[in-house]
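Counting convention: from 1, in listed order, for ligands and their atoms alike.
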Amino acid sequence: MTTELLTTPGTDAAPGGRIRGLRCRNCARQERLGPSYVCAACFGPLEVDYDYDALDGVLTRERIEARRPGIWRYLELLPAEEQPLRGLAVGSTPLVDATRLGPEIGIERLWLKDDTRNPTLSFKDRAVAIAAARAAEWKLPALACASTGNLAGATAAAAAAIGLPAYVVIPADLEPAKVDHALAYGASVIPVTGTYDDVNRLCLEIADETGWGFVNVNLRPFYAEGSKTLAFEVAEDLGWRLPDVIVAPIASGALYTKLAKGIGELVRLGLVEPKSVRFVGGQAAGCAPVATAYAAGVDEIAPVRVPDTIVRSLAIGSPADGRYALEQARASGGSIEAVSDLDAAEAIRRVAATEGIHPETAGGVTLAAAAQARAAGVIGPDDEVVVLLTGNGLKTPDASSFGLATRRAERGGPGLADPIAPDLDAFLSWLGA
Ligand SMILES: *Cc1c(COP(=O)(O)O)cnc(C)c1O
Ligand SMILES: [Zn+2]
């Protein structure tokens, strides 16, 4: 194994350009822009560093509003030189006023960010679009990922759209719907007998060995920036305003922490009025390393060695950005909630039946987390709350039937009825008429 990728020079940002390079989140050491992800001095995570002064007065509300829908309307705050010529149509998903569901969980002003509607049915398309743009700019030979599920399809589809081969490395027991989805786009899918953390470790080595663009490994600083577009869209859809609370899922913690970065940027550029937003995070109780540390009031995040949950998309036992997520929850006055599988499954059913949106398990987790935070008083009755629904329920069919299988449709009620004979009397007798 070599460490070549750590030192391979990439394209420098244009002198005086808006992208200054990469910077260590831990020790603030600067690095050139390139496919590297870890600080050579302290092994801390690298982040994209922008020159916000260069954007003052350049990126205005009017300028953004005049552009076409999609994540590239915020180009100046994304780490690509320009909008790629090829790529999927990602972002500008609906912000739904949840007037039926809100009162049920005691939150009168509840918004749902419906990111079940991206090209491959999850918010991962946002992150992958940025990483893919960089892979194309740097002419990397392939697009690859270590996936808990949704990233598989997102990477495979993005690679197809830009004409690169895709290699998708997954835990061997992933949901079949997610595997089939990646295969459909022509990806090579490599199941690994181990947990996601085992997969991730292996991919670090493969990335060094092959030079492939692993969207969430050596392209991670770019990938992670894609999550900010959720915060940008929420603010724009609220009429350039910030909500009181955002409820987001936590797997590696990238999405959760980048929401705060994105909001900070909007404030810095004067696109929204400053406001202290509380961040509520959701994890599945069967793999809740960050929620556990939060509840215990400690800084140390003990890895979960064997995740045990139906919420596969969030099942990262050793989250890369867990530490920063923990700090953000505490500093913002939010919380990190651990949600049981049953509560997540119930929440999926509830939002589907009240708002007509069918999220996957991660959405069940955020909705249940919102209800828990409301019950605990972290969310007040008058707060304006945005809950992120980051993936589509069609990808976790096993979870939809979880707790539903026993729910038979009695006498015209909801659920699956027993088969009836093809005659009206049989139907009317089921209806209870
Ligand atoms: C990957 C994923 C997340 C969160 O991922 P982070 O690693 O925390 O950024 C949330 N929801 C879904 C559906 C996902 O696939
Ligand atoms: Zn460092």
**Study point:** Side-chain ion pair, K228 and E265, N-O less than 4.0 Å
**Key:** yes
Practice item. Could you tell me which atoms of ligand 1, counted from 1 in the order shown, lie closer than 4.0 angstrom to a heavy atom of F123? Key: 1 (C), 2 (C), 3 (C), 4 (C), 10 (C), 14 (C)
Study note, to complete from the structure: atom 14 (C) of ligand 1 sits nearest the protein heavy atom K124 NZ, 2.8 Å
**Study point:** Test salt bridge (charged side-chain N to carboxylate O under 4.0 Å, His left out) applied to D321 and R220, step by step
**Key:** CA-CA 11 Å; D321 294 308; R220 187 169 179 85; 3.3 Å; yes
Revision key, fill the gap. Heavy-atom nearest pair, P289 first then Q283, reads N-OE1, 3.4 Å
Practice item. Would you check if there is a donor-acceptor pair between the side chains of D197 and N200 at a distance under 3.5 Å? Key: no
Check your understanding: Does L314 reach ligand 1, in the sense of a heavy atom lying below 4.0 Å from it?
Key -> yes
Exercise for review: State if G253 counts as touching ligand 1 under the rule of any non-hydrogen atom under 4.0 Å.
Suggested key: yes
Point to revise | Nearest protein heavy atom with distance in Å, relative to atom 9 (O) of ligand 1 | key: L255 N, 2.9 Å
Review point. Is P249 close to ligand 1, meaning an N/O of one under 3.5 Å from an N/O of the other?
Key: no
Review point. Of all the atoms in ligand 1, which lie at a distance below 4.0 Å from a heavy atom belonging to A254?
Key: 6 (P), 8 (O), 9 (O)
**Study point:** Aromatic plane relationship, F279 with Y256 - under 30° parallel, 30 to 60° tilted, over 60° perpendicular
**Key:** perpendicular
Study note, to complete from the structure: In ligand 1, the atoms that come under 4.0 Å of a heavy atom of E360 are 13 (C)
Check your understanding: With no hydrogens and no angle check, is any side-chain donor or acceptor of R126 less than 3.5 Å from a backbone partner on F123?
Key -> no
**Study point:** Identity and distance of the protein heavy atom lying nearest atom 11 (N) of ligand 1
**Key:** T390 OG1, 2.6 Å
Review point. Where is the tightest heavy-atom contact between A158 and V128, given as atom of each residue plus distance?
Key: CB-CG1, 3.4 Å
Practice item. Do me a favour and list the nearest non-hydrogen protein atom to atom 5 (O) of ligand 1 with residue, atom name and distance? Key: A251 CB, 3.5 Å
Check your understanding: Is there at least one pair of N or O atoms, one from N150 and one from ligand 1, spaced under 3.5 Å apart?
Key -> yes
Check your understanding: Which residue and non-hydrogen atom of the protein lie closest to atom 7 (O) of ligand 1, and at what distance in Å?
Key -> S252 OG, 2.5 Å
Check your understanding: Between T116 and D114, is any side-chain donor less than 3.5 angstrom from a side-chain acceptor?
Key -> yes
Practice item. Would you check if there is a donor-acceptor pair between the side chains of R312 and N150 at a distance under 3.5 Å? Key: no
**Study point:** Residue part near ligand 1, for Y256, under 4.0 Å between non-hydrogen atoms
**Key:** neither
